[in-house]
Amino acid sequence: MSTGTDEDVLPSVDRSLFRALMGSLMSGVSILTSRRADTSPVGMTCSSVCSVSADPPLLLACVATPSSTLDAITGSGRFVVNFLDSEADSVSDLFASRAAEKFTEVEWRPGAMTQAPVLAGSVAHAESVVHQLVEAGDHVIVVGRIVGGEALPDRFPLGYWRGSYARSLRKPRRTTARR
């Protein structure tokens, strides 16, 4: 759809600059998990996850196409976002690979609400049902309504920045003196 705006006139940046720009924003590292129709687990590493709304409780994840994990999510309508612990870079690497038996290498359990895999060693997990799917370039934006989950306050998240894993350090909150 043409809007008659600068989108029709100005060129896009090249892939190299796009990656440099987007890599400058540190992101969390998550594993999206679901189940195929035969109930076998499937999952992938995803660094494009964020909150959308508190009422209703929505999050989004961006998934490149084609994707067997996306196929399972759209087929079942259910998925879990597992927010990885700072020590889980090997789990991220495993789920970013094309390894066939990923779930034999990690400890997991079925989610209480969705039955999708919840990975041990996560900072938190959000069990979700598909709320909306939006095609966007070579990705699909999966908007999920959160129906369950857990957050473990004693763990720190794994980050990704400029092509490498990053671990977060918690800075003390600033206090503003009132006069």
Exercise. Please report the C-alpha distance between Val142 and Leu133 in whole Å, then the side-chain angles of each, then the deciding distance to 0.1 Å, and finally whether the side-chain contact (heavy atoms from CB on, under 4.5 Å) criterion is met.
Key: CA-CA 5 Å; Val142 179; Leu133 300 169; 3.8 Å; yes

Quiz item: Step by step, would you call Met44 with Ser67 a side-chain contact (heavy atoms from CB on, under 4.5 Å)?
Solution: CA-CA 9 Å; Met44 60 169 277; Ser67 165; 3.9 Å; yes

Practice problem: Please assess Val129 against Phe79 for the test side-chain contact (heavy atoms from CB on, under 4.5 Å), listing each intermediate value before the final yes or no. | Solution: CA-CA 6 Å; Val129 294; Phe79 63 102; over 6 Å; no

Quiz prompt | side chain to side chain donor-acceptor pair (under 3.5 Å) between Tyr165 and Asp93, worked out | solution = CA-CA 10 Å; Tyr165 292 112; Asp93 289 342; 2.6 Å; yes

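If you take CD on Glu127 and CZ on Arg145, they are separated by 12.0 Å, rounding to the nearest 0.5 Å. Separation of atoms CG (Asp154) and CG (Leu152) is listed at 6.0 Å; rounding is to 0.5 Å. Rounded to the nearest 0.5 angstrom, Ser51 OG and Leu59 CG are separated by 8.0 Å. For the atom pair Tyr160 OH and Cys46 SG, the distance stands at 13.0 Å (nearest 0.5 Å). Taking CG of Leu84 as the start and OG of Ser92 as the end, the distance is 6.0 Å to the nearest 0.5 Å. Taking OG of Ser68 as the reference point, atom CZ of Arg98 lies at 8.5 Å (rounded to 0.5 Å).
For Arg167 and Glu87, the salt-bridge test passes: some basic side-chain N is under 4.0 Å from an acidic carboxylate O.
Think of Leu17 as one node in a network of Ile, Leu, Val, Met, Phe, Trp and Tyr side chains linked at under 4.5 Å; its network also takes in Val13, Phe18, Leu21, Met22.
You'll find the side chain of Ile73 reaches within 4.5 Å of the side chain of Val130, heavy atoms only. Here the side chains of Val147 and Thr114 are in contact, with some heavy-atom distance below 4.5 Å. A heavy-atom distance below 4.5 Å is found between the side chains of Phe95 and Val106. Considering only heavy atoms from C-beta on, Arg35 comes within 4.5 Å of Pro117 through its side chain.
Val140 and Val81 fall within a single hydrophobic cluster, where Ile, Leu, Val, Met, Phe, Trp and Tyr are joined by side-chain heavy atoms under 4.5 Å apart, directly or via other members. Hydrophobic cluster membership differs between Val63 and Leu119, with clusters built from Ile, Leu, Val, Met, Phe, Trp and Tyr side chains linked at under 4.5 angstrom. Cluster annotation: Val29 and Phe103 are assigned to the same hydrophobic cluster (Ile/Leu/Val/Met/Phe/Trp/Tyr, side-chain heavy-atom contacts under 4.5 Å, transitive). One hydrophobic cluster, built from ILVMFWY side chains closer than 4.5 Å, holds both Leu158 and Leu94. In the hydrophobic clustering of ILVMFWY residues, with side-chain heavy atoms under 4.5 Å counting as a link, Ile146 and Met113 come out apart.
The 12-atom threshold is exceeded at CG of Asp38, counting heavy atoms of other residues, nucleotides or ligands nearer than 6.0 Å. The local environment of CZ in Arg19 is sparse, with at most 12 non-hydrogen atoms from other residues, nucleotides or ligands closer than 6.0 Å.
Without hydrogens or angle criteria, Ser53 side chain to Pro56 main chain gives a donor-acceptor distance under 3.5 Å. Here the side chain of Ser48 pairs no donor or acceptor atom with the backbone of Cys62 at under 3.5 angstrom.
With sequence neighbours left out, the salt bridge (Lys or Arg N to Asp or Glu O under 4.0 Å) criterion links Asp85 to no other residue. Judged as a salt bridge (Lys or Arg N to Asp or Glu O under 4.0 Å), and not counting sequence neighbours, Glu105 has no contacts.
Considering every non-hydrogen atom in both Ser122 and Asn82, the closest pair reads OG-CB, 3.6 Å.
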